[in-house]
4 protein chains.
Amino acid sequence: MIKVSVIGATGYAGVELIRLLVLHPDVKLSCLTSKTYAGQKIQEVYPHLNGLLDHELQEQNDEEIGAVSDVVFLALPHGHAVSTAQKICQAGKKVIDLGADLRFRDTDIYEEWYHVKHENPALSQEAVYGLPEINRGKIKEAQAVGNPGCYPTSTILAMYPLIKEGLIDLNTIIVDSKSGISGAGRNAVITSLYGESAENLKAYNVGKHRHTPEIEQALGEAAGKEVLISFTPHLIPMTRGILTTAYATLNQEGAVRNLHDLYQSYYQDEYFVRLHQPGIWPQTKWVTGTNFCDLGLMADPRTNRVIVTAVIDNLVKGAAGQAVQNMNILFNLPEKAGLEQVPLYP
Amino acid sequence: MIKVSVIGATGYAGVELIRLLVLHPDVKLSCLTSKTYAGQKIQEVYPHLNGLLDHELQEQNDEEIGAVSDVVFLALPHGHAVSTAQKICQAGKKVIDLGADLRFRDTDIYEEWYHVKHENPALSQEAVYGLPEINRGKIKEAQAVGNPGCYPTSTILAMYPLIKEGLIDLNTIIVDSKSGISGAGRNAVITSLYGESAENLKAYNVGKHRHTPEIEQALGEAAGKEVLISFTPHLIPMTRGILTTAYATLNQEGAVRNLHDLYQSYYQDEYFVRLHQPGIWPQTKWVTGTNFCDLGLMADPRTNRVIVTAVIDNLVKGAAGQAVQNMNILFNLPEKAGLEQVPLYP
Amino acid sequence: MIKVSVIGATGYAGVELIRLLVLHPDVKLSCLTSKTYAGQKIQEVYPHLNGLLDHELQEQNDEEIGAVSDVVFLALPHGHAVSTAQKICQAGKKVIDLGADLRFRDTDIYEEWYHVKHENPALSQEAVYGLPEINRGKIKEAQAVGNPGCYPTSTILAMYPLIKEGLIDLNTIIVDSKSGISGAGRNAVITSLYGESAENLKAYNVGKHRHTPEIEQALGEAAGKEVLISFTPHLIPMTRGILTTAYATLNQEGAVRNLHDLYQSYYQDEYFVRLHQPGIWPQTKWVTGTNFCDLGLMADPRTNRVIVTAVIDNLVKGAAGQAVQNMNILFNLPEKAGLEQVPLYP
Amino acid sequence: MIKVSVIGATGYAGVELIRLLVLHPDVKLSCLTSKTYAGQKIQEVYPHLNGLLDHELQEQNDEEIGAVSDVVFLALPHGHAVSTAQKICQAGKKVIDLGADLRFRDTDIYEEWYHVKHENPALSQEAVYGLPEINRGKIKEAQAVGNPGCYPTSTILAMYPLIKEGLIDLNTIIVDSKSGISGAGRNAVITSLYGESAENLKAYNVGKHRHTPEIEQALGEAAGKEVLISFTPHLIPMTRGILTTAYATLNQEGAVRNLHDLYQSYYQDEYFVRLHQPGIWPQTKWVTGTNFCDLGLMADPRTNRVIVTAVIDNLVKGAAGQAVQNMNILFNLPEKAGLEQVPLYP
């Protein structure tokens, strides 16, 4: 059994990690920390966990946690993970950061978009960007994994084959994403109130959302050159789910390729990526509670554009599920271990 | 492995059975039938099942199904299950009916409330009412199980200890229940449209809902005498979940008993019933996707009434999950097999 | 034109007052105050008001407000209205308090349930309980009006004819109410987040909600003797709307009366109370955005109980709309002035 | 008073017309028709209208309706409006068609996208496209108005100034729209059920939605040359509201212009168009129940793109409200008559 700890266990990503880890056949939950609720039982904070586990939430003590864990998940606000990740690594243990602190090879970009100084650029450079379908080989060897953001996961999986094959004009990529409200976290702010967000819809952080450079980094690596995109996130009145609609103009080669076949060849061995038949556009409810990323695509001859949609559960493939998938890879477990769920429908 | 078939696999109860059975460690899904979609693959009707199973939906042929199954779940409209149940039983196989046709020992009551003639009163008399927490012993021996309705499951578990112990005035029971809209099934009717039911709330079938006599049958058996209740169902703008609020006036003995202790003694060994601490009132989200029934209760000295609330996921403990629990009992499997889920929260 | 000010203009009750007052033909909006947002324009806080008014939010200065207003609406947390109300009255102006501070004739009861000392019991005694359908005559003469709570409005209108006519056993009244989440106000608390309240349902404050004694006061006055009720509020995943389901056992006279005719005779001249035909149960969406209270009822011969349901928009008939109705009465305006709206459906 | 009739009064557009017309100071509702509910009172079909009007729904008889009306609103499925519109015009009365049948000057395009033969191309050519902010002058003189679609209204108002001024590369327009579910009408189909659409999100009709050529017609007229766009609609789990996010690459002139000033100059005299300050992105809830179209925009120097978002209530500015606005123009009434509403918030 792998000893697993979660730092920041009472946010939405933390409690989703618990949901997945409690039933993981190879995991023993070791230490759960919470700044806000330390000293309470987890089931007092989250009564839906009653009878399922009985851990007392602890203050964060990096040394102690490193000592009792084989792997530590960090579910902290950005800017708070670096020093902890460093200590866990020094203790010889694995670390998977669900925040942004280890996602960037070039920490200048991180600092520019996140407006915070990165405390350990070397650690960030060594860390592996944990998108298994693209980076599985590197993840196997990693000690520290930067778990991807929710919007980037959906966007990169949607665009990767097109870019890797050089089939689109890289200057034409537009990414219009829609996320459920759990993406804003369990924070007591007015904009996340039911009365403000139910039966409502808005764009936000237009032109400046921090997932933009993360997407550009991954697409740029695939392209072998810099990629700039327009990225617009929207907030949708639902709890879970992201749908990303990505647009790009096909180049000459792209215009004549069978894109559905292309995607099939890229993803046919990926259990968690499900490519739907042409004309079928995936819905977020098709992946609720699971680690799946469902894709639909078409080339539109009228405009010579390709349109790809991708749906994920933002808390699973967009956060905790992908983190568990990364853990499975790090420890040579079956990649599906603990992640074989059937979507909750309806 | 137990060979399991589902008749009526494409309604909400049917597809929820599939969700649970696909991952059940002791089950092999044999035959899935659908009147509407026969000939199609299940994943064409429900694309969220893509990659998880690959069954073709079949026409209903009772003899063939009986031959290839150890147990058959019936998820049909009331009035359609009896003849099929009879044939399955004659083939020596077990049958679990998720509808109302096998719930009543006295089929006169069934006929009065359901306005349909019962085709086989003897079968209904032999069948066991499948509420394991009350009837586990009888279920073990049964061949045909009448799986309880959603409202009755929550109500009976909420009131059973009080009635069994004779602590309330039986003439004072009022049951005010609230259900999510999936309870209305996957039927294309205007009243179930998003535009009609979102941000809306209503009582319906006041004084005449068909779950009334089912509740009265179970409470009457517990009391050893006839019980009449007021039962009012309401439709809530959410997909899953039932919350039942039950009221009764305490009698002299009831007024002096520690009711929380009483409930604890009744349910402490029941994995699927979770009694919360005094002052904690369970929420439907605490049980989403699981077979739990969570209870809260208080005695109010101002009015000398006891108030009990019970929450379940209407599609799990209120339908498919309880049916699987019954199957586990019928086949001497661990009662939790295939039902160890963590609620999806948020 | 009547000069109207709102103290506490940026809570949900405040902004709903603004919605109604902006288009009221006889009103000139004078002063809007906000503790949190003083100094900002109202449309900066609520951009949906862009182009509709251009008031700067002010600090609360009771003397100045009294000087420039004919009537002042108070939309403050309980315990904060008394001294302001007193000053407004002393300035010879009318005051309508949307909170609880002026609702009780007996301030001992207020103090017992609200756990706060009442600063001016005499003012509370003189104030009139502003439920026009019951108290219209007294409201006309009042200087200070205690605007009813949302749950009490629906409950009292539902039960009044039965109690006034002496048709029920007063010891058997059970009130099971369901409210949308706007009832919790525009407060940044975790329990009101979308992720916590959407697709969720719970009872709360069971046996101790502060609207209990308010209902009991009004029903007790109608009965001519003390009335104790069981009152259980529930939180529903919708923004606006209350549905109250009230139960009581009929006495001998009640059992033989035509209750629908009775209600018709009580409410036929009340524009804002709409009694639906037997068998029709009102839905909250039927009153969204309006000052209507819709009623449905039946006597159930099986149990000898009467069941009444009432729906209101909690922010209109349950708060701001009723306050405007009271203002209209205070100033001898047509009672419907500014309140003739068609429900927003769907 | 203008005598107004509605053909197709019981769909969502029809009942929204009623909501607006009931309180319109210059309107007398004459005849309401319904294929499904003819012979019933409107309040029996829509009990929320109880007490507000008392019309019996009639069979559609074009001659009779023409005789008793000054203007007739048609709220029918596409392909059913032409012959009726023709008869109303021949009777010398005005007609406003809320469907697509009179929206296209070139009926070949209509026939290509709608797969139906147009019965009277001449009528369609004479009819005026009823987007008042663009076409007010022509509407004044029209006899038949083709009321714009919901998506086109939001998109055209969002893009018009950019195109009219020639500031963008016309080959780069991408329109990503999101609509509430009432846009699918009051039709009993499974995809519109609460259980299927709540907590869910999907793209649909990608590359082939019928509003595409309608948008292209209007933008093409503004540009003075053909315009082809990518248009992707999405279905959002809310009842009312559309948010359109439009993208285009700025040309040399566009890159140096102050676009906010430009939009202000175009829309400052338009009561129903509200341009928000830079950095403020409008939300659908800001316009609920009203005829407003709220706009936000930015030029993004990183990508040299302009991004414009527009929100409307799809049933008001996207259908019934705009139709009333057109009626006001046709009859020289104040354009705001009957349309001065404050958004319902929250």
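Worth knowing before you read on, the calculation uses all heavy atoms, side chains too, and leaves out hydrogens, waters and symmetry mates. Numbers restart at 1 for each chain; the letters A, B, ... are given by sequence-line order, proteins then strands.
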### Portion of C/R305 that has a non-hydrogen atom of chain B nearer than 4.5 angstrom
side chain

### Message
Which atoms of B/P282 are under 4.5 Å from chain C, going by heavy atoms: the side chain, the backbone, both sets, or neither?
### Response
backbone

### Task
Answer yes when B/E221 and B/R105 have at least one side-chain N-carboxylate O distance shorter than 4.0 Å, and no when they do not.
no

#### Entry: Engaged part of C/N304 at the chain B interface, taking heavy atoms whose separation is under 4.5 Å
neither

#### Entry: Which of B/G195, B/P346, B/S230 touches chain C most, by non-hydrogen pairs under 4.5 Å
B/S230

### Message
Is there a side chain to side chain donor-acceptor pair (under 3.5 Å) between B/T288 and C/E199? Walk through the geometry before answering.
### Response
CA-CA 9 Å; B/T288 300; C/E199 299 286 317; over 6 Å; no

### Query
So, for C/I156 and C/A218, which heavy atoms are closest and what is the spacing to 0.1 Å?
CD1-CB, 3.3 Å

#### Entry: Per-residue contact mode, C/I173 against chain B (heavy atom under 4.5 angstrom)
backbone

### Task
Enumerate by number any residue of residues 179-194 of chain B whose heavy atoms lie under 4.5 Å from heavy atoms of chain C; in the absence of such residues, state 'none'.
none

#### Entry: Polar side-chain atom of C/D294 near backbone of C/V287 as donor-acceptor pair, under 3.5 Å
no

### Task
Could you note down all residue pairs passing ring-ring contact (aromatic ring centres under 6.0 Å, His included) where residues 232-264 of chain C supplies at least one of them, sequence neighbours left out?
none

### Query
Which bit of B/I236 comes within less than 4.5 Å of chain C, counting heavy atoms only: side chain, backbone, both or neither?
side chain

### Query
Donor-acceptor pair, B/Q341 side chain versus B/N291 backbone, under 3.5 Å?
no

#### Entry: Among the listed options C/L243, C/D300, C/L201, C/I280, the residue most often paired with chain B at heavy-atom distances under 4.5 Å
C/L201

### Query
Would a 4.5 Å heavy-atom cut-off, applied to side chains only, mark B/F231 and B/E216 as touching?
no

### Query
Who wins among C/R240, C/E196, C/K285 for the most heavy-atom pairs under 4.5 Å with chain B?
C/K285

### Query
Would a distance-only check, ignoring hydrogens and angles, find a side-chain to backbone donor-acceptor pair under 3.5 Å from B/E165 to B/L262?
no

#### Entry: Residues forming a ring pair (Phe, Tyr, Trp, His ring centres under 6.0 Å) with B/W286, sequence neighbours excluded
B/H276

### Task
May I ask you to decide if B/G241's main-chain N or O and B/D313's side chain share a donor-acceptor pair within less than 3.5 Å?
no

### Query
chain B: which of C/T172, C/T245, C/T309, C/L228 shares the most heavy-atom pairs with it under 4.5 Å?
C/T245

### Query
If only atom types and distance count, is the side chain of B/E214 paired as donor or acceptor with the main-chain N or O of B/R103 below 3.5 Å?
no

### Query
So what's closer than 4.5 Å to chain C heavy atoms on B/T232: side chain, backbone, both or neither?
both

### Task
Write out, in numerical order, the residues from residues 202-213 of chain B with a heavy atom short of 4.5 Å from a heavy atom in chain C.
B/K202, B/A203, B/V206, B/G207, B/T212

